[in-house]
A.B. asks: 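Just dropping this structure here.
Convention: sequence-line order gives letters A, B, ...; per-chain numbering from 1.
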Amino acid sequence: MPFHALVDGASPGVQVPLHLTRIPINLISTSSDLANALVKGKVVRKGPLVSVAPNDFILKAVIQEEDSQPHISTQIPAINIVVFGELARDFSQCVSPGDVVMASGFTVSKSPTASKDKLHHFNLLLSEKDANIYCFCQNPSIYPRSAVARKDSCTVSAQIVNRTKAPRYTYTPLGDLKAGSVVNVYGVVVFFKQPFKSHGTDFCSSLKITDKSNHSIGCTIFCEKLEEHPKIFQNGDIVRMHRVKVQLFNNTITLVNTFGFSVVTFDGKPSGSVEPRTSSRTVHFDEEDRRRVEELQTWISSQNILLPLTNSVSLSAVQPKAYFDLTCQLLAKAPVDSTCSLLRVWDGTRCPNTFLKVDVDPNDVEGPTTFSREKESFIANVLVYDNHSEFAKQLKPGAFLRIYNLRAIPVTSKECSVTGSQSEEVEHIVFHLHGGTSYGRGIRVLPENSPDVQMLKRAIAFLTEDVGNCASELNDSELLEVWSTPPESLDDEAVECSTSKKCSSTAEGSCRLQLQRVTLSELKQSPPGQAYHVRAQLRSYEPSKLHQALKLFCSKCSSIQEIPDDERVASIFSEACKNSEDCSLPPWALSGSIKLPLPPSGAPQRTLRVHLSTQLKAEGKANELLFITGTTLEETCRLATGYKNIVPVTSSKSGLVLMDLSAPFLFRGPRRFYGCKQCSEATVRELPSRGDKLLDEKIIAEALGVQLLQFVLLMKLQLQDATDTLDVFLWKHAEVFLGVSAEDVAISQRAQNCVHETLESLCPTEGTLGLRPWLDLTLMSYRGEGEEGQMQTYYQICSSPSQDPDLQSQDA
DNA sequence: GATTAGGTTTGG
């Protein structure tokens, strides 16, 4: 009986058990005896009910002791509580801020947000199985959900909610599997095949998983429906399987699914949030699972990073004859014959080899039949055979794909030379996806929201800018400026000038691409405007503090801007408060007030004035977007944790206006979004109706006339080989190179650690240069204006770091 | 509560 709603402090048949002893919030610690402990506090903040699965929820709230003695301790008598399962839903429905609750049967965990929210160093965890919450309901609340609508909420009738216990799963380490048993397991994928049709009634997935025990266990999954199979995108993904049978086959332990089987997968790379990949509507996923996934993610990243689990390479890093996985976008496709189809794909990088032209009937082509010469040079031709040709029938141009175990086949053919008389041998390349499923051969459509697709989209977006506009080749002088000094506005004429020069050099360079690898010394003497392959070691990189590598980029004016520090943003907020004037509200806006969650210790609780859209309210989405006035930065951040989208505004004579765009124009949870000062024409206006489409930063920016800035990473690397050293920029391909999204780096310590580990593996702080891995890189050289106005050559990395194992120990 | 597959290429 975990949840008890009491009206006027009582409810028929419900009593707070007498054996429980109240413990002051500031005395809660891991060492306190919690078995019979009871905490009491007023709910000062109630977060949204987050659905993690049907009938499974998480809700966070803050409770504060009202009657505590401040002199007892300096610890703030307020604490985060995290409620799980259906108990969370009951809490959400029945408790309003202002209500007093008591809780027992909780556990405590270290609060990851303590330094930020200045609350208690521990969180209270309340699971539906063990915890009891007693709620003393107050008068109808005037808090967020109802405040704006001025609607009474939560007239709770006294009730006792009785829930069946959520099943608790135990997971068997892969080293402890006993033949004949049925178990639940967690593991890291080290091999997998996409599901294929078996000779029986089902599709079959074959995979191999490992864990800390370092056993590698083969698994075979039979399911009739494709969506019931594990959604594995790459080695290193994490799988959780329930109800698999342990069998011996050829004296080896294997796992096969059995009745009631279910599987969930997770990205193996830490990204700040753990998203279960499943199409099951009844997945159980709780804090314990989150902890297990994060633990495995940490374990994976601690494994030898020099031996990457995945075989993914970008087009720019493809080696002839090699097998590899390619993440790409399908542009066009056509059948070639009864067993073979042509897929035309790209990934935003250019393969140094020219592709064999595959003749197909233009009438059979799905998607464009031709592309501009520039765009064509970025497109790969992939021939897929047999079962994959069948699978390709269902693919649609525009889809994002990962193709596993592709092979780059060099093809030599005779071609008439330009002069026409003699024929000369020309080397082309074409990718083959051979029939069958050996080595995991197959094609997978990646979901739009996957981090890899997001990165791919950005790489392609950068490219299409470049292809569409010769100005493309990077605003080098600006890169330099950003590098050493705060950004200044660009001199337009200077850009025009350097752009036109770059255009001509690009035009000369783009038709003939360098095929062979060059040394750094040769590269320095080679003509600019071309792509080159180099093999080099990373000698050093800047900045050493990763947060300094994070910048904001405007895709409209191509400027790179620094992320303003909190001090600067805080001063913009306080200026805005000071200069605020009374104004008449736009006709579409509704006004209300909300109480700010948890005031800092001792301060009176603040009531904020908010505005929201009549339209959104009519659609039942009043809380989706709030315009708030008169807050400090700190208050805005606190508020943002409980609402989807917060836009701080200020009132002037002319009405509501956005703040200075040096400050974020939008807050959502820990994420902040910025607009370009130069390119925005910001106005506070009502958002057009979007139907069921979720409000995201793009929609909001567009509606407000804000040119959204994109998070990017910018670094300067020094490469070295036996012949020379070379400074290169890592920018447009930084996400591909580092394997994280810049946006994640902006909010996630774990993503930052991931980057740090990658750089550390390529360029260890300790150890000799000779031991550093050798990297196969594609560099683009281009001319640009230097700091003092003279033209000079710059280099930028445009590939992922593919490492050459043969050269690992060779000395520079 | 049966059956399927049981990684491992070199090819169009």
Side-chain angles (χ1 to χ4, degrees), chain A residues 177 179-180 182 187-210 215-226 228-230 232 234-237 239 241-263 309-311 318-326 334-343 355-360 381-392 403-413 428-444:
Chain A
L177 299 173
V182 172
V188 178
V189 177
V190 290
F191 169 80
F192 67 103
K193 279 183 181 185
Q194 298 302 329
F196 56 93
K197 197 90 190 86
S198 73
H199 296 302
T201 55
D202 297 336
F203 282 94
C204 175
S205 288
S206 182
L207 56 145
K208 197 165 250 185
I209 58 174
T210 188
H215 284 72
S216 169
I217 306 291
C219 314
T220 308
I221 310 298
F222 295 107
C223 292
E224 203 172 346
K225 293 187 184 124
L226 277 174
E228 288 164 356
H229 281 260
I232 304 169
Q234 61 186 337
N235 287 342
D237 280 352
V239 290
M241 293 190 283
H242 285 167
R243 297 171 207 93
V244 283
K245 202 161 45 184
V246 186
Q247 290 184 336
L248 269 184
F249 175 75
N250 282 346
N251 242 348
T252 312
I253 292 278
T254 55
L255 295 173
V256 185
N257 60 316
T258 181
F259 309 107
F261 166 78
S262 72
V263 61
L309 284 160
T310 73
N311 201 18
V318 166
Q319 302 283 330
K321 293 187 183 167
Y323 289 93
F324 59 96
D325 301 339
L326 182 68
V336 175
D337 59 38
S338 64
T339 64
C340 176
S341 299
L342 169 69
L343 304 182
F355 278 91
L356 181 74
K357 192 173 179 321
V358 180
D359 284 323
V360 288
N381 290 333
V382 183
L383 292 173
V384 303
Y385 289 91
D386 307 336
N387 51 327
H388 313 302
S389 183
E390 280 303 307
F391 183 80
I403 310 180
Y404 302 93
N405 200 232
L406 263 181
R407 190 172 196 210
I409 312 257
V411 185
T412 311
S413 56
H428 291 292
I429 204 156
V430 66
F431 295 164
H432 281 202
L433 181 64
H434 296 305
T437 61
S438 309
Y439 281 90
R441 270 183 226 145
I443 303 176
R444 170 127 216 159

A.B. asks: 5'-most contact on DNA chain B: A:Val256 or A:Lys193, nearest heavy atom basis?
C.D. replies: A:Val256

A.B. asks: Heavy atoms under 4.0 Å, any strand shown: does A:Asp337 hit a base, just sugar-phosphate, or nothing?
C.D. replies: nothing

A.B. asks: Return the nearest nucleotide to the side chain of A:Cys204; candidates are B:dT9, B:dA5, B:dG12.
C.D. replies: B:dA5

A.B. asks: Taking OH from A:Tyr404 and C1' from B:dT9, how many angstroms apart are they, rounded to a whole number?
C.D. replies: 18 Å

A.B. asks: Run the ring-centre check on A:Tyr439 versus A:Tyr404 and record whether the distance is less than 6.0 Å.
C.D. replies: no

A.B. asks: Does A:Gly435 reach a base, just sugar-phosphate, or nothing at all? Heavy atoms under 4.0 Å.
C.D. replies: base

A.B. asks: Which distance, rounded to the nearest 0.5 Å, do you find between the OG1 of A:Thr258 and the CD1 of A:Ile221?
C.D. replies: 10.5 Å

A.B. asks: Looking at the side chain of A:Asp202, which of B:dG12, B:dG7, B:dT3 is the nearest nucleotide?
C.D. replies: B:dT3

A.B. asks: Among B:dG6, B:dG7, B:dG12, find the nucleotide with the atom closest to the side chain of A:Lys208.
C.D. replies: B:dG7

A.B. asks: A:His434 side chain: which of B:dG12, B:dT3, B:dT8 is closest?
C.D. replies: B:dG12

A.B. asks: Report the residues that fulfil salt bridge (charged side-chain N to carboxylate O under 4.0 Å, His left out) with A:Lys245, sequence neighbours left out, ordered by chain and then residue number.
C.D. replies: none

A.B. asks: Test A:Asn381 against A:Leu383 for side-chain contact (heavy atoms from CB on, under 4.5 Å), laying out the working first.
C.D. replies: CA-CA 7 Å; A:Asn381 290 333; A:Leu383 292 173; over 6 Å; no

A.B. asks: Rounded to whole Å, please give me the gap between CG in A:Leu207 and P in B:dT8.
C.D. replies: 14 Å

A.B. asks: Could you pull out all residues at least two apart from A:Asp359 that satisfy salt bridge (charged side-chain N to carboxylate O under 4.0 Å, His left out)?
C.D. replies: A:Lys357

A.B. asks: Within this structure, what is the CZ-to-P distance between A:Phe249 and B:dT4, rounded to whole angstrom?
C.D. replies: 11 Å

A.B. asks: Using a distance-only criterion (donor-acceptor N/O pair, under 3.5 Å, no hydrogens), is the base of B:dG11 paired with the side chain of A:Arg441?
C.D. replies: yes

A.B. asks: Looking only at side-chain atoms of A:His199, point me to the closest of B:dG11, B:dT4, B:dT9.
C.D. replies: B:dT4

A.B. asks: Looking at B:dA5, B:dT8, B:dA2, which one has an atom nearest to any side-chain atom of A:Ser438?
C.D. replies: B:dT8

A.B. asks: Identify which nucleotide among B:dG6, B:dT4, B:dG1 has an atom closest to any side-chain atom of A:Phe259, counting heavy atoms from C-beta outward.
C.D. replies: B:dG1

A.B. asks: Give one of base, sugar-phosphate or nothing for A:Asn250, where a contact means two heavy atoms less than 4.0 Å apart.
C.D. replies: nothing

A.B. asks: Where each residue is assigned the nucleotide of DNA chain B containing its nearest heavy atom, which of A:Arg407 and A:Thr201 is assigned the position nearer the 5′ end?
C.D. replies: A:Thr201

A.B. asks: Mind calculating the distance between CG (A:Asn235) and C1' (B:dT8) to the nearest angstrom?
C.D. replies: 14 Å

A.B. asks: Roughly how many Å is it from NE2 in A:His388 to P in B:dG12, rounded to a whole number?
C.D. replies: 15 Å

A.B. asks: Classify the nucleic acid contact of A:Tyr323 as base, sugar-phosphate or nothing, counting any heavy atom under 4.0 Å across all strands shown.
C.D. replies: base

A.B. asks: How long is the line joining CG of A:Asn257 and P of B:dG1, in whole Å?
C.D. replies: 17 Å

A.B. asks: Any chance the rings of A:Phe431 and A:Phe324 have centres within less than 6.0 Å?
C.D. replies: yes

A.B. asks: To the side chain of A:Phe191, which of B:dA5, B:dG12, B:dG7 is closest?
C.D. replies: B:dG7

A.B. asks: Atom CD of A:Glu224 to atom P of B:dG1: distance rounded to whole Å?
C.D. replies: 18 Å

A.B. asks: Using the P atoms only, state how far B:dG6 lies from B:dT10, rounded to an integer number of Å.
C.D. replies: 16 Å

A.B. asks: I need the CG-C1' distance between A:Asn405 and B:dG11, as an integer number of Å.
C.D. replies: 12 Å

A.B. asks: Considering only B:dG6, B:dG12, B:dA5, which nucleotide approaches the side chain of A:Ser198 most closely?
C.D. replies: B:dA5

A.B. asks: Compare the aromatic ring of A:Tyr439 with the six-membered base ring of B:dT8 and state whether they stack according to the 5.5 Å and 30° rule.
C.D. replies: no

